[in-house]
Amino acid sequence: MTELRRADVAIVGAGPAGMAAAVRLAEAGLRPVVFDLNATPGGQVYRQLGDPQVDAVVMGEDYLRGRTLVETFTRADIDYRPLSRVWWLGRESTGYALGVITQQGAQSWHVDRLILASGAMERGWPFSGWQLPGVMTAGAAQILLKQGALVPCTSAVLAGSGPLLYLLAWQYLRAGQPPALVLDLAPESGYRALLRQPLNAWRGRGYLLKGLRMVAALRRAGIPVLQGVDGLQAEGENAVERVRYRHRGSWKTLPASLLLTHFGVVPEPQLARSLNLPHGWETGQQSFLPSRSETLAADERLWIAGDGGGIGGALNAEREGCLAALDVLASLDIETPDALGWERQALQHARHRDLEARRLLETLFRLPVDWLDLQPEDTLICRCESVSRGEVEHAIAQGAAGPNQLKAFTRCGMGPCQGRQCGESIARLLARRTSQPLDTIGYYHIRPPVHSVTLGELASQQDT
Amino acid sequence: MFRRSERACQAARQVQVRVDGVTMSVPDTLSVAAAVLQVHGWQGYRRHHDGSSRAPLCLMGVCHECLITIDGQPNRQGCLVPVAEGMHIERQGGERHD
Ligand code: FES
């Protein structure tokens, strides 16, 4: 028999939201258990910050900003369990049940309250050749930089849409490996739209200035930055050999072996989806988001904090972690709602101000809704099961009416990533072909295990 | 391939791992996938069940393109496993592992 472990509060994820929630709960005398996929705290944004491999000269000040939080988290009395995969969640009358694979083996937990802080992932955004070795995400490139100060041995081509693209280009420049070319796939209409929204531009001026400064630094260093690119392909036999792109109506080809792409980030959906929580399509973020109350609660015993609930960035995630923790405390009557009122108000105020500033990014980096239509028929939508756009379109024409039917027709979403890479594309294709809103189309049913788990790992139940 | 930038802010602590039978030193802060990308690059990382060549895409546990054999266990997510002294890593570049 395996022992059932118990905790008042569990937090999934040790990025800024999870760390901040845990720290605030610990301050109030609780000892939350924190499960995290990574070996060290910080999430993606503050990865390796407890033992940094690169400094602010390369990474920029925003990376170092998380240092105090990581240190406070590390010192606080928290039941932190790194390298842990929460592979299933179950709702129970008195809380949540969790199945976790830890370094010590499989464990079962019951917790009274649960905070999901599982963060964001790079948006899966198909283009011809994106399955070739030599295509990686900008997020992956940043992980290599943070984890081991690793930069490519070759000059990479950077392509996509979003602030991270320019940040990475700037970091590579600082790290002594400037990129060969930066291809900005944000539609130029975004810049025009910005001129019509002076208030949003003003609120987001911090982001704007930072971006302009980075672009200026790249241009000064002689790195070509092309705006208004609207087509992208990777070509090669067993790895990338050439990058093709369309700029001002004509296709160009460039020999290259490494293409780093970024098409924005979206909430990592698996745990919230596995609980069948209601989600809605958010047009600003161009993404499905789980429904949350103003206090970030998804039900009486569940909270979703940070980018996993909607993209707001690292500082916002930290605030949301605190907000979720405050609501947990109020629900436990540990601190009275009155005592928490001021703290909560200040956090909410800052949060709303920040989210308003982000509208600028949403306007500037809007992805084109007809992107998939313009990709060649043989472009893979589902990488795991190698299902092409043509096959998906064919199945839709045959009458596959929703994501789950499409899965049964084509096997899309049935591979090891469980639809994380193709789920959004499948919904987008269905919405366009059947002329229905994305909220009507919905998403795959996600069933546990939400992480790949072997029978051996499940059998390794341990009582320590 | 990837290399350690000359702008790294400290010398890396190294561990010895065997990659496809060859012993090498890699920084101890790396994941298995990152270590393989450093020493071998993305070519020859993995063969997919449809026969195509694949390599890590996200390095954050999402895409499952980094599947690799670690200490005899096939199809481990290489980006989620830190390297450890004496670890045996084998790329799944040849036969199918499905
Ligand atoms: S590289 Fe994407 S899951 Fe490991």
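These values consider heavy atoms only, across backbone and side chains, with no hydrogens, waters or symmetry-generated copies. Quick note on labels: first sequence line is chain A, next is B, and so on, each numbered from 1.
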Report task. Mark yes or no for whether B:R7, through its side chain, and A:R174, through its backbone, hold a donor-acceptor pair below 3.5 Å. Result -> yes
Query raised in the report: By a 4.5 Å heavy-atom criterion (distance strictly below it), what part of A:Q48 contacts chain B: side chain, backbone, both, or neither?
Result: side chain
Report task. List the steps and the verdict of side-chain contact (heavy atoms from CB on, under 4.5 Å) for A:D51 and B:R13. Result -> CA-CA 11 Å; A:D51 175 23; B:R13 291 175 308 272; 2.8 Å; yes
Query raised in the report: Is it the side chain or the backbone of A:A120 that comes within 4.5 Å of chain B heavy atoms, both, or neither?
Result: backbone
List, one per line, each side-chain donor-acceptor pair under 3.5 Å for residues 417-425 of chain A, sequence neighbours excluded.
from: A:Q418; atom 1: OE1; to: A:R420; atom 2: NH1; distance (Å): 3.4
from: A:Q418; atom 1: NE2; to: A:P449; atom 2: O; distance (Å): 2.5
from: A:R420; atom 1: NE; to: A:E268; atom 2: OE2; distance (Å): 2.6
from: A:R420; atom 1: NH1; to: A:C417; atom 2: O; distance (Å): 3.1
from: A:R420; atom 1: NH2; to: A:E268; atom 2: OE2; distance (Å): 3.4
from: A:R420; atom 1: NH2; to: A:V450; atom 2: O; distance (Å): 2.7
from: A:E424; atom 1: OE1; to: A:R123; atom 2: NH1; distance (Å): 3.0
from: A:E424; atom 1: OE2; to: A:R123; atom 2: NH1; distance (Å): 2.8
from: A:E424; atom 1: OE2; to: A:R428; atom 2: NE; distance (Å): 2.7
from: A:E424; atom 1: OE2; to: A:R428; atom 2: NH2; distance (Å): 3.0

Query raised in the report: Around A:E237, counting heavy atoms of other residues, nucleotides and ligands shown, do more than 12 lie under 6.0 Å from its CD?
Result: no
Query raised in the report: If you count heavy-atom pairs under 4.5 Å with chain B, which of A:A138, A:A239, A:G134 comes out on top?
Result: A:G134
Query raised in the report: Would you find a donor on one side and an acceptor on the other, under 3.5 Å apart, between the side chain of A:S386 and the backbone of B:D50?
Result: no
Query raised in the report: Tell me, side chain or backbone of A:S257 under 4.5 Å from chain B's heavy atoms, or both, or neither?
Result: both
Query raised in the report: When only pairs under 4.5 Å are counted, which of A:Q270, A:E122, A:Q131 shares the most heavy-atom pairs with chain B?
Result: A:Q131
Requested in this report: In sequence, state the C-alpha distance, the side-chain angles, and the governing distance for A:R383 and B:H48, and then conclude on side-chain contact (heavy atoms from CB on, under 4.5 Å).
Outcome: CA-CA 10 Å; A:R383 301 166 56 111; B:H48 202 50; over 6 Å; no
**Report entry** From CA spacing to verdict: side-chain contact (heavy atoms from CB on, under 4.5 Å), B:W42, A:L258
**Finding:** CA-CA 9 Å; B:W42 44 90; A:L258 182 62; 3.8 Å; yes
Query raised in the report: By number, which residues in residues 26-38 of chain B have some heavy atom less than 4.5 Å away from chain A?
Result: B:T29, B:L30, B:S31, B:A34, B:L37, B:Q38
Query - Atom group of A:L259 that falls short of 4.5 Å from chain B, counting heavy atoms - result: neither
Query raised in the report: Which residues in residues 146-156 of chain A have any heavy atom lying under 4.5 Å from a heavy atom of chain B?
Result: A:Q147, A:G148, A:A149, A:L150, A:V151, A:P152, A:C153, A:T154
Query raised in the report: Atom CD in A:Q171, atom OG in B:S5: separation rounded to 0.5 Å?
Result: 11.5 Å
**Report entry** Part of residues 52-68 of chain B lying next to chain A, heavy-atom separation under 4.5 Å
**Finding:** B:S53, B:R54, B:A55, B:P56, B:L57, B:C58, B:L59, B:M60, B:V62, B:C63, B:H64, B:E65
Report summary line: Closest non-hydrogen atoms of A:S452 and B:Q77, given as atom of the first, atom of the second and distance, are OG-OE1, 3.3 Å
**Report entry** Heavy-atom side-chain contact between B:P82 and A:L83 under 4.5 Å
**Finding:** yes
Query raised in the report: Out of A:D55, A:V240, A:L144, which one racks up the most heavy-atom pairs below 4.5 Å with chain B?
Result: A:L144
Query - Option that, when pairs with chain B are counted at under 4.5 Å, heavy atom only, ranks first among A:P52, A:G139, A:G119, A:A39 - result: A:P52
Query raised in the report: To the nearest 0.5 Å, how far apart are NE2 in B:H49 and SG in A:C384?
Result: 7.0 Å
